[in-house]
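Quick note: residue numbers are just sequence positions, from 1.
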Amino acid sequence: MNPVFLIACALMLFSSGFAAAQSQTDGASRIDFRVTRFDPGDQASPVFKAGAGGDVEVEVPLTHIGGPHKATLRDGRFLDFRRGNAELPEISLPIAENERKDLLLLFIAVEKGYRVLKVNTPLSLIRGGDRFIINATSHRLAIKSGEAKPVLIDPGKSGLLGAPRGDGMVSVPVLISLEEDSRWKLASTENWHIDTRFRRYLFAYISPRTRQLAFHAVSERTERDE
């Protein structure tokens, strides 16, 4: 057989294999994510350049969820966020393989900039009607929905309040308590509307205006396109 033909075939196979491997590597280093933020100071929405090349502009909204955005991970692992023409990222998040889809990034305003909480949001984990609650107070939080056991959430942590199973819309009584000086005190008695078409993300915080417990809520429709 003609050796030139064999070499040509070998080069074609090598090129095809390299292209396939490169495609798999590129795919593995990509991420789909959504964003929202919690900011009692109600500052202007920050705008970042995201990804390894900084070529994806991401504005982080306060009252809804932005995205989905697609970006490339630096070194196949880190999701970088820069502002303006900064050389170094202001935020750099390590992203595991199981976090590259269905990822919601919660930007929480701190004294200088933001810290970011990563939340995996496949429907198998956070379903319609469920509430994902972030405790932004300095107290332990207990939330009791209907006859269910209370969900206890430490300061700076999060917890999931599952909705009653079933279709449609219902209203459930909710008791919310704060722990102060090792004693539980009732902070609020409410009726929460459950709509299985939406899941909600709630930030519990102490209002700087009223000094009472308050919630900042963002809703997301569960039937979003993947």
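Remark: the backbone N or O of Ser171 is not paired with any side-chain donor or acceptor of Asn191 at under 3.5 angstrom. In this structure, the side chain of Lys49 does not engage the main chain of Pro89 through any donor-acceptor pair within 3.5 Å. Looking at Ser29, its side chain never comes within 3.5 Å of a backbone N or O of Leu73 through a donor-acceptor pair. Using modelled atom types, one side-chain atom of Arg37 and one backbone atom of Val60 make a donor-acceptor pair closer than 3.5 Å. Without hydrogens or angle criteria, His216 side chain to Tyr205 main chain gives no donor-acceptor distance under 3.5 Å.
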Intermediate values then yes/no, salt bridge (Lys or Arg N to Asp or Glu O under 4.0 Å), Glu220 and Arg200
CA-CA 6 Å; Glu220 180 178 44; Arg200 306 194 81 190; over 6 Å; no

Under the criterion salt bridge (Lys or Arg N to Asp or Glu O under 4.0 Å), I'd like the reasoning laid out for Lys70 against Asp32: C-alpha separation, chi angles, the key distance, then a yes or no.
CA-CA 5 Å; Lys70 298 179 183 292; Asp32 296 348; 3.1 Å; yes

Run the salt bridge (Lys or Arg N to Asp or Glu O under 4.0 Å) test on Arg77 and Asp75 for me, step by step, so that the C-alpha distance in whole Å, both residues' side-chain angles and the decisive distance to 0.1 Å come before the verdict.
CA-CA 5 Å; Arg77 183 184 174 195; Asp75 298 330; over 6 Å; no

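The CZ atom of Arg30 lies 4.0 Å from the OG1 atom of Thr72; values are rounded to the nearest 0.5 Å. Summarising the geometry, atom CD1 belonging to Ile126 is positioned 4.5 Å from atom OH belonging to Tyr201; distances are rounded to the nearest 0.5 Å.
Taking both residues in full, the closest heavy atoms of Ile134 and Ile108 are given as CG2-CD1, 4.4 Å, listed atom of the first, atom of the second, then distance.
Inspection of the Asp102 and Thr121 side chains reveals no N or O donor paired with an N or O acceptor under 3.5 Å. Side-chain contact, Thr196 with Arg127: no donor N or O sits under 3.5 Å from an acceptor N or O.
Screening Phe81, Phe38, Phe203 against Phe107 for a ring pair (Phe, Tyr, Trp, His ring centres under 6.0 Å) leaves a single residue, Phe81.
Pairs passing the side chain to side chain donor-acceptor pair (under 3.5 Å) check and including a residue from residues 172-183, sequence neighbours excluded, read Glu180-Lys185.
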Below 3.5 Å, can you tabulate the donor-acceptor pairs from side chains in residues 141-162 to any protein atom, sequence neighbours excluded?
from, atom 1, to, atom 2, distance (Å)
Lys144, NZ, Gly146, O, 3.4
Lys144, NZ, Ala148, O, 2.7
Asp154, OD1, Arg140, NE, 3.3

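For the salt bridge (charged side-chain N to carboxylate O under 4.0 Å, His left out) test, residues two or more places apart in sequence or in another chain that qualify with Arg83 are Glu90.
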